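Below is one structure; the comments refer to it alone.
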Protein chains: 2
Amino acid sequence: MTVTIYDVAREAGVSMATVSRVVNNNPNVKPQTRKKVFEAIERLGYRPNAVARGLASKKTTTVGVVIPDISNAIFAEVARGIEDIANMYHYNIILCNADKRKDKEIRVVNTLLEKQVDGLLFMGGTVTEEHLQAFKSANVPIVLCATTDEHGSMPSVDIDHESAAFDAVSALTGAGHRRIAMISGTLQDPSNGYARFQGYRRALEAAGIPYDESLVRVGNYRYESGVEAMKYFLELDERPTAVFAATDEMAIGAIHYIQDFGLRVPEDVSVISVDNTRMASMVRPQLSSVAQPMYDIGAVSMRLLTKLMKKEQVDQLRVILPHELITRQSVAAAR
Amino acid sequence: MTVTIYDVAREAGVSMATVSRVVNNNPNVKPQTRKKVFEAIERLGYRPNAVARGLASKKTTTVGVVIPDISNAIFAEVARGIEDIANMYHYNIILCNADKRKDKEIRVVNTLLEKQVDGLLFMGGTVTEEHLQAFKSANVPIVLCATTDEHGSMPSVDIDHESAAFDAVSALTGAGHRRIAMISGTLQDPSNGYARFQGYRRALEAAGIPYDESLVRVGNYRYESGVEAMKYFLELDERPTAVFAATDEMAIGAIHYIQDFGLRVPEDVSVISVDNTRMASMVRPQLSSVAQPMYDIGAVSMRLLTKLMKKEQVDQLRVILPHELITRQSVAAAR
DNA sequence: CTGTTAGCGCATTCAT
DNA sequence: ATGAATGCGCTAACAG
């Protein structure tokens, strides 16, 4: 049924070793025999079996990617960066959603390892001791992507979420705001959640503004939770004059609630966030936001992984990509 | 270095066949020996090699997915549907972006086939004769996902784009609009482009409205092209009173340009589109849009593929999922 | 219920 | 530059 390297060898009148050589572009083949082999391949419609090759060579040219949720625009962007670079180096990607759930994360890491991936890109929630355990049992390189572990024992590429939040809030304090609310993500989340909250607190502190916990609401990153939080803030006796949201979606929810409430953005309330997704410029007023190079995070981490897989020298095992404040129209000076 | 099934067999004092049996949950093993084997596995830290298994069994429990662009929210949603169902049936996904470019599409189909995937989900642009050729050379099932071929020779799951556009435009004619513009996608694209354009024309016709080609602009699906098109329409001597956009993003661009121009939506100009992405309810006014069940398209196509891979009986080789008009605030009666 | 024996399709020595 | 032989780690008859 299926045509194998052996069939090709017979058809071309050579040995399977020779066929293997031409298929793998080994230069040690006379052009003439190479031609013969190619013709036989053509005639028979031979297609190399990558699984057999993988078993024999112990290389599959595929890497595993564990991702929280591919339907989330942020991660999808990272994934695209990964795949583009992977493609460039002739790797394929096995993609697994793990929803930031530890059990699922560890499970997929193991099945990926069983599939003999040549390397692993891990994008997830908190990296726990158990994760490290699973990683250690791998004999292929693993790099953390858009996550970091506390110990700093793993290769990783990420941005500095704390500092990104700091910059966003500083834009607010810099504009003279003193009563600044935050719509946070869950504090259990180390990157989107806790780190951004910390950046908020540090920026407040740097501006000499006391922390007021009644000015912080925890959302779930989504639009609706942005409007909910804003609703709460606007009912406060002393309303905030500015709001920092941990994600664009929540910021947009906040903007819309402010507007529906009869107030104006940014004249009455300034809004800023971090993510700078496409949506940021698709709202009115356009949203100021800290841009995170998600595509690049994917691309750089995949590039790093290729180096590790090829055992090349790498100078930077832990890379932090720069973020950038994109100023649009949602922030005004405090009155 | 690596511990194999043979090592486990020796450690447990059984044959490799027995180890294979317990690993594969074959019931024909005495509970006692099963226990012994599990202990040996534990002690040695044995991890089954899926590549070797794949070679021996001719099944890899992985399916290939070719997708236009994972960073596009629409496709990412489909991908999530695919992965969820795949997971449920213990398949993994190899994901390849092909940007709707024929050469790339055919190339990845071939490498996926080389990797011995058990099945293939194809999401792309036009399915040409060359595609069919490549598909035919596969000896695994393939289903088209969010695409169809003209001949109808392939299993597929999709929505009826023409009818979706028809419904959207009919909502406009139903509201009394006669001067209805369209912001189309490229007409070369069979689903998002041409089919939606055809639906527009048919709805016009059904309402007895003559087709006016000056009322159609071709965009690139993105926000900016929506504002560009709207700019053109509002400069017309006789402005449209309603606009149908082929995607939410273009619709939102149109809405914003209308508002920036000093007109109101929907009072002055009604806007409707198809896609119903999350963004539709994240604009003001909220956008009426025809919902396409992207997640379901992914889920159903993967489910169909599993049936095909298991050679189960399937009653419907070509399924069309229903769409639904979601009425929000962007359409008003014509004055 | 368990063990023996062949491959699966290919890369890779080692010769020649 | 080419061929012969071996084994990668596992499943799948088959035998018992």
Side-chain angles (χ1 to χ4, degrees), chain A residues 1-38 40-41 44-62 90 110-111 113-118 139-140, chain B residues 1-38 40-41 44-62 90 110-111 113-118 139-140:
Chain A
M1 201 68 247
T2 66
V3 19
T4 77
I5 204 175
Y6 182 74
D7 301 319
V8 176
R10 200 155 30 76
E11 174 80 12
V14 299
S15 73
M16 19 186 308
T18 300
V19 177
S20 176
R21 287 191 187 95
V22 342
V23 169
N24 292 297
N25 266 312
N26 184 319
N28 289 351
V29 181
K30 207 193 315 179
Q32 207 178 104
T33 40
R34 181 183 301 277
K35 183 156 170 290
K36 270 196 312 190
V37 172
F38 273 131
I41 286 176
L44 266 41
Y46 168 69
R47 184 170 6 233
N49 181 325
V51 172
R53 173 182 299 171
L55 184 59
S57 69
K58 294 174 169 302
K59 283 190 181 50
T60 55
T61 61
T62 104
H90 302 293
N110 281 317
T111 84
L113 259 18
E114 288 184 7
K115 297 230 169 177
Q116 309 299 119
V117 293
D118 293 339
N139 43 3
V140 294
Chain B
M1 200 70 244
T2 65
V3 19
T4 77
I5 203 173
Y6 183 73
D7 300 319
V8 176
R10 201 157 29 77
E11 174 80 11
V14 299
S15 73
M16 23 186 302
T18 300
V19 177
S20 176
R21 287 191 186 96
V22 341
V23 168
N24 293 297
N25 265 313
N26 183 319
N28 290 350
V29 180
K30 208 195 315 182
Q32 207 177 105
T33 37
R34 180 182 302 278
K35 184 156 170 290
K36 270 195 314 190
V37 172
F38 272 133
I41 286 176
L44 267 40
Y46 168 70
R47 180 163 17 225
N49 181 325
V51 171
R53 172 183 298 169
L55 184 59
S57 70
K58 296 175 167 301
K59 283 190 180 53
T60 55
T61 61
T62 105
H90 302 294
N110 281 317
T111 83
L113 260 17
E114 288 185 6
K115 296 231 169 178
Q116 309 301 119
V117 293
D118 294 339
N139 45 2
V140 295

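A quick note: this is a predicted structure, and the numbers were derived from the prediction, not measured. The figures here come from the full heavy-atom set of this structure, side chains too, leaving out hydrogens, waters and symmetry mates. Chain A is the first sequence line, chain B the second, and so forth, proteins listed ahead of strands; every chain is numbered from 1.
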Next on the checklist: Can you list, in residue-number order, the parts of residues 26-36 of chain B that come under 4.0 Å of DNA chain C, counting heavy atoms only?
Outcome noted: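 Listed by number, they are B:Asn28, B:Val29, B:Lys30, B:Thr33.
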Over all heavy atoms of both residues, which pair between [X] and [Y] is shortest? Give the atoms and the distance, please.
| X | Y | value |
| --- | --- | --- |
| A:Leu55 | B:Ala52 | CD1-CB, 3.7 Å |
| B:Val8 | B:Val3 | CG2-CG2, 4.3 Å |
| B:Asp118 | B:Val140 | O-CB, 3.5 Å |

With sequence neighbours excluded, what pairs up with [X] under the side chain to side chain donor-acceptor pair (under 3.5 Å) test?
| X | result |
| --- | --- |
| B:Thr62 | none |
| B:Arg34 | none |
| B:Glu11 | B:Arg43 |
| B:Thr61 | A:Lys115 |

Could you list the donor-acceptor pairs under 3.5 angstrom formed by side chains in residues 25-33 of chain B, with sequence neighbours left out?
unit_1	atom_1	unit_2	atom_2	d
B:Asn26	OD1	B:Asn28	N	2.8
B:Thr33	OG1	B:Lys30	N	3.4
B:Thr33	OG1	B:Lys30	O	2.7

Item to check | Heavy-atom contact window of chain A on DNA chain D, given 5' to 3' at under 4.0 Å | outcome: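 Reading along DNA chain D, I get D:dA1 to D:dG9.
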Checklist entry - Between A:Ser20 and C:dC10, does any side-chain N or O lie under 4.0 Å from OP1 or OP2? => result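 Indeed not, no polar side-chain atom of A:Ser20 lies that close.
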Item to check | A:Arg53 side chain near C:dG9 phosphate (N/O to OP1/OP2, under 4.0 Å) | outcome: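 No, A:Arg53 has no side-chain N/O under 4.0 Å of OP1/OP2 on C:dG9.
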Item to check | Gap separating the OG1 atom of A:Thr4 from the CG atom of A:Leu44, nearest 0.5 angstrom | outcome: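 The OG1 atom of A:Thr4 sits 9.0 Å away from the CG atom of A:Leu44.
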Next on the checklist: Quick check on the helix from C:dC1-D:dG16 to C:dT16-D:dA1: what's the angle between its two end axes, five base pairs per end, to the nearest 10°?
Outcome noted: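 Rounded value for the end-axis angle: 30°.
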Please write out each protein N/O paired with an N/O of nucleotides 13-16 of chain C under 3.5 Å, distance rounded to 0.1 Å.
none

Checklist entry - Which pairs, with at least one residue in residues 47-57 of chain B and sequence neighbours excluded, count as a side chain to side chain donor-acceptor pair (under 3.5 Å)? => result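 The answer is A:Asn110-B:Arg47, A:Ser137-B:Arg47.
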Next on the checklist: If I take atom NZ in residue A:Lys59 and atom P in nucleotide C:dC10, what distance separates them, rounded to the nearest angstrom?
Outcome noted: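 The answer, rounded to whole Å, is 18 Å.
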Run the side-chain donor-acceptor check on residues 16-23 of chain A: report pairs under 3.5 Å with partners two or more places apart or on a different chain.
unit_1	atom_1	unit_2	atom_2	d
A:Thr18	OG1	A:Ser15	OG	3.4
A:Ser20	OG	A:Asn24	ND2	3.4

Checklist entry - Only one of B:Val37, B:Asp7, B:Thr2, B:Ile5 clears side-chain contact (heavy atoms from CB on, under 4.5 Å) with B:Tyr46; which? => result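 Per the side-chain contact (heavy atoms from CB on, under 4.5 Å) rule, the option paired with B:Tyr46 is B:Ile5, out of B:Val37, B:Asp7, B:Thr2, B:Ile5.
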Next on the checklist: Heavy atoms only, 4.0 Å cut-off, all strands: where does A:Val14 land among base, sugar-phosphate and nothing?
Outcome noted: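 Sugar-phosphate: the residue A:Val14, judged by heavy atoms under 4.0 Å, touches backbone atoms but no base.
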Sort me out a list of protein N/O and nucleotides 6-8 of chain C N/O pairs below 3.5 Å, or just none if empty.
unit_1	atom_1	unit_2	atom_2	d
C:dC8	O3'	B:Lys58	NZ	3.2
C:dC8	O2	B:Ala56	N	3.3

